Enquirer: 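Below you will find the structure I want to go over with you.
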Amino acid sequence: MIEFEKNMRFPQGKQKAFTLSYDDGVMADKTLVQYLAKYGALCTFNLNSGLFDTRGRHNSMNEEECYQTFVDTPHEIALHGHRHLFLTKVPTYQGIAEIVQNRQYLESKFGRVVDGMAYAFGDFNEEIKHYLALCDVKYSRTTHSTGTFELPADFLQWNPTCHHVDKNLPALTKAFLEAKPLEEYKHRESLLFYVWGHSYEFDDNNDWHVMENLLAQVCGRDDVWYATNGQIYRYVTAYNSLVWSVDDLCVYNPSAVDVWVERNKVLYCVPSGQTININK
Ligand SMILES: [Zn+2]
């Protein structure tokens, strides 16, 4: 039996995806939401639920401002701890309460499931990953930049490509846009460009042009999927749930989304709930 090369492709067979992750629920998020609407990018906003209206803390929004800023947008809201604690520095039961309170608030306020997260201060360890899984948190972003476009091997330790202040941002942007996964001899995996930060940094440093330049370059392209962190998590999970026959010629998609796979350099869509047969 010949094992053919198979690679996940993003929706519509795209080979690249772009996502953003911004933390803390601050007033500058309103400006960021405007830029995202102008260029058509999607972001995951990681929100605390016990720190509203603490103006000294980089202008945290109040409850109503936070709700109004995000409720009618296509962006994802995600967990960032009730009070932005160092999870490794509090007892386990307090850490769990920090996550569950945060989740209960955001879910009841916004009327949706909130099961993504970014670690406050990038602080986590194996025990924390374990209890996040028990709390049914699906993914959590770290603050460790990879400088690559790789998808995470462990979604509870999701390392981004870079922070927006990274001096390599222009070079990474160029490399992402110029990459041609289909033409690689090997390592033909799909690419994810994942940028994170805090929107108040653009106000503090008076450099909103960094975000605008990034969005102007990356957005509006046919070969890039613009998605939230949660959409990427769910798509990759759906791809990984494909069931293949032993001869690799038949594949069943038990998930609720259509999934694209490139097998032996041919692109296939496996519709939700359906089985397709691949010609020899
Ligand atoms: Zn934070």
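Order of listing sets the numbers, starting from 1, for every ligand and every atom in it. As the structure is a prediction and not an experimental result, all values here were calculated from the model. Positions are given from 1, in the same order as the sequence printed here.
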Enquirer: Looking at the rings of Phe45 and Phe70, which for Trp means the six-membered one, are their centres under 6.0 Å apart?
Expert: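 Aromatic pair counts; centres sit under 6.0 Å.
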Enquirer: So, do Phe52 and Tyr105 have ring centers that fall under 6.0 Å from each other?
Expert: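 Judged by ring-centre distance (under 6.0 Å), Phe52 and Tyr105 do meet the cut-off.
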Enquirer: Applying the ring pair (Phe, Tyr, Trp, His ring centres under 6.0 Å) criterion to Tyr194, which one of Phe176, Phe149, Trp158 satisfies it?
Expert: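 It is Trp158, the one option of Phe176, Phe149, Trp158 that forms the ring pair (Phe, Tyr, Trp, His ring centres under 6.0 Å) with Tyr194.
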Enquirer: What is the total of protein N/O/S atoms that are closer to the Zn ion (ligand 1) than 2.8 Å?
Expert: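 Excluding waters, the total comes to 3.
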Enquirer: Tell me which pairs pass side-chain hydrogen bond (donor to acceptor under 3.5 Å, both in side chains) where either residue lies in residues 120-130, with sequence neighbours left out.
Expert: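 Every pair satisfying side-chain hydrogen bond (donor to acceptor under 3.5 Å, both in side chains) with a residue in residues 120-130: Thr88-Asp123, Thr92-Glu127, Glu126-Lys129, Lys129-Asp154, Lys129-Gln157.
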Enquirer: Test of understanding: with ring pair (Phe, Tyr, Trp, His ring centres under 6.0 Å), list the residues that count as partners of Phe124, not counting sequence neighbours.
Expert: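 Ring pair (Phe, Tyr, Trp, His ring centres under 6.0 Å) check on Phe124 returns Tyr119.
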Enquirer: Under the ring pair (Phe, Tyr, Trp, His ring centres under 6.0 Å) test, which residues partner Tyr233, sequence neighbours left out?
Expert: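 If we apply the ring pair (Phe, Tyr, Trp, His ring centres under 6.0 Å) test to Tyr233, skipping adjacent residues, the hits are Phe155.
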